[in-house]
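Each chain gets a letter, A, B and so on, in the order the sequences are listed, and its residues count up from 1. Since the structure is predicted, the reported quantities are computational estimates derived from the model, not experimental observations.
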2 protein chains.
Amino acid sequence: MKKKATLNDIAQRLNLTKVSISKALRDHPDISEATKKKVKEIAREIGYRPNLIARSLTSSKTQTIGVVVPKIAHTFSAQVVAGIQRYANSKGFVIVLTVSDENPELEKKHIESLVSMQVEGLLVSVSMTTKETEIYNWIREMQIPLVFFDRYIPDLGFNSVVIDDRKAAKDAVGHLIKSGCRKIAHLAGYNHVSIGRQRRQGYEEALLEHGIQPDPRMVIEGEVGEDAGYRGFKELLARNIEMDALFSVTFPVGLGSYVAMREIDPSMIDRIEMLAFGDSGIRGIVPYPHYYVEQPGKEIGRKAAKLLLDEIEGNAKPEDRLVYVPTRFLETDSDLQVTEIELDES
Amino acid sequence: MKKKATLNDIAQRLNLTKVSISKALRDHPDISEATKKKVKEIAREIGYRPNLIARSLTSSKTQTIGVVVPKIAHTFSAQVVAGIQRYANSKGFVIVLTVSDENPELEKKHIESLVSMQVEGLLVSVSMTTKETEIYNWIREMQIPLVFFDRYIPDLGFNSVVIDDRKAAKDAVGHLIKSGCRKIAHLAGYNHVSIGRQRRQGYEEALLEHGIQPDPRMVIEGEVGEDAGYRGFKELLARNIEMDALFSVTFPVGLGSYVAMREIDPSMIDRIEMLAFGDSGIRGIVPYPHYYVEQPGKEIGRKAAKLLLDEIEGNAKPEDRLVYVPTRFLETDSDLQVTEIELDES
DNA sequence: TTTTTTAAATTAACCGTTTAACTTAGCAAA
DNA sequence: TTTGCTAAGTTAAACGGTTAATTTAAAAAA
């Protein structure tokens with residue numbers, strides 16, 4: 001890579017000092033119009049571009065935010081990142097994207113490296129198994145703006161942008177029950193992860209509210225990928241669980257169970273109502289999931305970014321507050337039309 | 001945000017100079033073991049983290065690469081970014097992600113801003129309508145490492161990592177013909193965009209090779225989204241085109257035509273063989289596309305990142321070379337099993 | 001005519017870190 | 001006793017840019 005032109009290079013060509021060049025390029029009134037014109041001309045001629053690294057050093061502003069996601073090659077993550085990117089960009093910020101791959105140590109390393117890079121704030125979706133919060137405590141003490149999205153750690157003093165998993169799960173399962181289902185199994189996430197815990201809680205609340213006693217044997221805790229769904233469903237069958245509906249914690253889990261059904265006994269696909277969080281990313285063409293809670297990825301990203309930038313720009317304080325982004329409850333009917341189901345506020 | 005601890009802060013606490021601290025933390029032999037120990041202790045105690053911005057200024061290395069994609073909320077882009085991210089990360093680099101939204105001016109702005117940020121290299125997938133190459137000429141003159149991926153501009157002196165669109169299209173369409181199709185329509189991309197041009201070229205070559213005269217009326221040029229597919233298919237019908245197969249330039253275009261078919265006459269779905277580039281992102285559950293050319297996003301990302309980092313580390317020269325990543329040709333059969341079709345090298 | 005103001009620059013200092021060159025005390029060798 | 005060497009630092013300068021304080025000459029006001 002060639003050495004890039006600097007203020008000094010322009011200065012020498014014009015017998016001026018770099019300070020004058022700096023001022024000229026930023027239209028500072030100290031400099032005469034004639035000089036400004038010459039300076040800008042030379043700047044263009046030799047392809048001068050300001051070195052933002054150097055500028056950052058004095059201004060201590062990098063116009064940069066760090067993003068940490070557990071995965072990127074998934075529809076939902078990609079949507080969120082798109083939402084973040086767009087909002088940040090509209091405010092003149094650029095994002096540095098890192099992926100933890102569901103690994104808490106990598107997550108921590110990325111955060112440290114982003115802080116070292118002097119990002120002005122962090123947007124983090126914590127990995128499944130994160131338990132150590134030391135780094136987050138340090139971030140809070142340093143008052144580095146941070147907003148969690150999708151997956152968060154409570155009581156740490158940060159804002160989080162999430163969907164109301166508990167309520168959405170409760171409403172959705174409630175709808176299943178009202179439609180006649182009684183034996184609803186649940187392929188759940190881990191209890192120590194917010195989405196796992198809250199979706200299960202909503203599930204149990206819905207059952208109880210309709211006078212059905214939750215049966216722990218009908219719930220299987222596990223990972224949130226397709227494999228876990230495949231294995232989880234087989235485990236349900238091994239336990240001799242009878243069911244008329246299956247609530248999967250995520251789309252991939254549901255997909256895994258769907259594959260298992262097709263393999264074992266395709267008639268189950270018609271007999272068992274499928275409900276899952278998240279969608280396939282393509283609408284109106286896939287028969288599954290029959291019922292699903294749509295997670296508005298872009299909107300989550302946008303809101304998280306907005307909250308963060310408000311904090312960076314000093315228009316807001318961190319608050320340990322959960323910001324809920326509304327979800328929609330959708331049904332794919334027999335001719336693959338997708339329609340929203342309005343749930344009456346109970 | 002609180003002021004972060006600096007070398008000077010440590011130095012004052014120990015009555016040393018910042019240089020000694022810098023050396024101590026980097027295990028420079030100038031410093032005694034006893035001092036190093038003390039320095040490191042204080043550093044940990046006050047939560048010192050090196051300021052990479054300052055370090056970059058002296059080293060002129062940022063360990064950062066800039067990525068420009070036209071979209072991010074699409075399976076393929078997300079896959080590519082995942083591949084890039086993973087490889088870059090394994091080499092200690094971090095990525096700055098920007099999205100051009102298919103807008104050439106935004107693309108140019110992003111590139112300029114990334115260069116100003118002193119990224120050590122660029123990975124770019126050009127937007128559909130990019131025609132102005134001035135910025136790329138400048139990048140070449142400055143010898144800033146750049147690798148195109150997926151969509152590239154030829155003859156500019158940069159490496160590009162792509163799939164062999166022409167050959168893959170030719171092979172796939174050839175397979176359709178061998179399976180008995182004669183009237184194959186094509187919803188194409190624009191001719192001035194590499195993927196559009198080359199996929200169409202492959203399509204025409206396959207026809208000619210099997211003695212079928214390409215009919216321009218059976219080809220519709222346009223955008224590469226679902227809308228374009230929907231409108232394009234209707235346009236084919238409006239032209240009274242009869243077809244037994246339809247080759248769509250991208251998955252979303254095919255999806256759009258699929259939706260149009262379902263709307264107008266669902267029996268077309270069975271009568272017309274569907275072929276498209278790209279997949280739905282979920283396998284074994286969607287009946288469409290029947291035949292598809294799988295684009296190995298992660299592998300494209302990985303290879304592009306590798307090429308770029310080799311260049312950054314001085315182990316390779318830019319060459320105006322096309323690196324082809326192999327594609328697979330897949331078929332979804334009636335019970336939704338996906339199998340690869342081996343094509344005999346002709 | 002002398003003083004004050006203003007325009008258009010310059011010099012100095014700093015951001016946090018690194019590299020190169022220089023200092024100092026203590027010790028060993030001649 | 002003097003010289004030379006080494007260990008363990010320090011000082012100076014640089015990276016590219018910004019801000020604050022200062023200079024200089026010319027123009028305007030007294």
Side-chain angles (χ1 to χ4, degrees), chain A residues 1-40 42-43 46-64 112-113 115-120 142, chain B residues 1-40 42-43 46-64 112-113 115-120 142:
Chain A
M1 179 158 23
K2 272 195 191 161
K3 223 182 136 303
K4 297 191 182 94
T6 69
L7 291 180
N8 256 324
D9 295 328
I10 304 179
Q12 281 175 12
R13 265 181 194 58
L14 288 170
N15 260 336
L16 291 169
T17 64
K18 59 176 178 182
V19 179
S20 304
I21 310 300
S22 170
K23 286 176 175 170
L25 290 173
R26 284 173 300 135
D27 276 323
H28 193 287
D30 271 3
I31 308 298
S32 71
E33 286 306 320
T35 309
K36 280 182 190 168
K37 210 179 145 194
K38 274 191 260 172
V39 168
K40 288 177 183 170
I42 302 276
I46 66 174
Y48 170 81
R49 319 263 159 162
N51 182 329
L52 294 186
I53 291 284
R55 190 177 280 173
S56 294
L57 199 56
T58 38
S59 68
S60 52
K61 298 214 159 112
T62 53
Q63 300 280 98
T64 277
E112 286 180 325
S113 129
V115 169
S116 265
M117 287 182 70
Q118 316 297 118
V119 296
E120 296 190 41
M142 291 299 295
Chain B
M1 183 157 21
K2 270 195 190 161
K3 225 183 135 302
K4 297 188 181 100
T6 70
L7 291 180
N8 253 325
D9 296 330
I10 305 180
Q12 281 175 10
R13 265 183 195 57
L14 289 171
N15 260 337
L16 290 168
T17 63
K18 58 180 175 180
V19 179
S20 304
I21 309 299
S22 170
K23 285 175 175 170
L25 290 173
R26 284 174 300 136
D27 276 323
H28 193 288
D30 272 3
I31 308 297
S32 72
E33 286 307 320
T35 308
K36 279 182 190 169
K37 211 180 142 192
K38 274 190 262 173
V39 169
K40 287 176 184 172
I42 302 276
I46 67 174
Y48 169 81
R49 322 263 159 162
N51 182 328
L52 295 186
I53 291 286
R55 189 176 281 172
S56 295
L57 198 56
T58 40
S59 68
S60 51
K61 297 213 161 111
T62 53
Q63 300 280 96
T64 278
E112 287 181 325
S113 128
V115 170
S116 266
M117 287 181 71
Q118 315 297 117
V119 296
E120 296 191 41
M142 291 300 294

Between S20(B) and dT10(D), does any side-chain N or O lie under 4.0 Å from OP1 or OP2? yes
Would you indicate, yes or no, if dG16(C) has its OP1 or OP2 atom less than 4.0 angstrom from a side-chain nitrogen or oxygen of T6(B)? no
Of all the nucleotides listed (dA9(C), dT10(D), dT11(C)), which has the minimum atom distance to the side chain of V19(A)? dT11(C)
Kindly indicate whether the side chain of Y48(B), heavy atoms from C-beta on, has any atom under 4.5 Å from the side chain of I21(B). no
Looking at the side chain of Y48(A), which of dT17(C), dC15(C), dG17(D) is the nearest nucleotide? dG17(D)
Does the side chain of T17(A) get closer than 4.0 angstrom to OP1 or OP2 of dT10(C) through an N or O atom? yes
Given 3.5 Å as the limit, does a donor-acceptor pair link the side chain of T62(B) with the main chain of S56(B), or not? no
Base, sugar-phosphate or nothing for S60(B)? Non-hydrogen atoms, less than 4.0 Å. nothing
So S56(A), base contact, sugar-phosphate only, or nothing? Heavy-atom distance under 4.0 Å. nothing
Over how many whole Å does the gap from R55(A) atom CZ to dG17(D) atom C1' extend? 8 Å
If you compare every side-chain N and O of T58(A) against the phosphate oxygens of dG16(D) (OP1, OP2), does one of them come in below 4.0 Å? no
SB check D27(B) K40(B) (cutoff 4.0 Å): yes
Determine whether I31(B) and S20(B) make a side-chain contact, defined as any pair of heavy atoms from C-beta on separated by less than 4.5 Å. yes
Can you check the I53(B) CD1 to dT18(D) C1' distance for me, whole Å? 15 Å
Less than 4.0 angstrom between a side-chain N/O of R26(B) and OP1 or OP2 of dT17(C), yes or no? no
Without decimals, in angstroms, what is the distance between H28(B) NE2 and dA21(C) P? 13 Å
Distance in angstrom units between K38(A) NZ and dA8(C) C1', rounded: 12 Å
Separation of dC14(C) atom P from N8(B) atom CG, nearest Å, is 11 Å
Mind checking whether Q63(A) and E120(A) have side chains closer than 4.5 Å, heavy atoms only? yes
Using a 4.0 Å heavy-atom cut-off across all strands, classify P50(A) as base, sugar-phosphate, or nothing. sugar-phosphate
Just call it for L16(A): base, sugar-phosphate, or nothing, with non-hydrogen atoms closer than 4.0 Å on any strand. sugar-phosphate
What about K23(B): does its side chain form a donor-acceptor pair under 3.5 Å with the base of dT10(D)? yes
Earlier contact from the 5' end, DNA chain D, for I31(B) and K18(B): I31(B)
Between C1' of dA8(D) and CD1 of I21(B), the distance in whole Å: 13 Å
Can you measure N15(A) atom CG to dT11(C) atom P for me and round it to whole angstrom units? 12 Å
Over all strands shown, is K3(A) touching base, sugar-phosphate only, or nothing at heavy-atom distances under 4.0 angstrom? sugar-phosphate
note: D27(A), atom CG; dT18(D), atom P; distance rounded to Å ~ 13 Å
Hydrogens and angles aside, do S116(A) and S113(A) bring a side-chain donor and acceptor to less than 3.5 Å of each other? no
Name the residue closer to the 5' end of DNA chain D, choosing between K36(B) and D30(A) according to the nucleotide with the nearest heavy atom. K36(B)
At under 4.0 Å, does any side-chain N or O of S22(B) touch on OP1 or OP2 of dT18(C)? yes
Remember a base hit wins even if backbone is also touched, and classify S32(B) as base, sugar-phosphate or nothing at under 4.0 Å, heavy atoms. sugar-phosphate
Look at all strands and tell whether K61(A) reaches a base, only sugar-phosphate, or nothing, counting heavy atoms closer than 4.0 Å. nothing
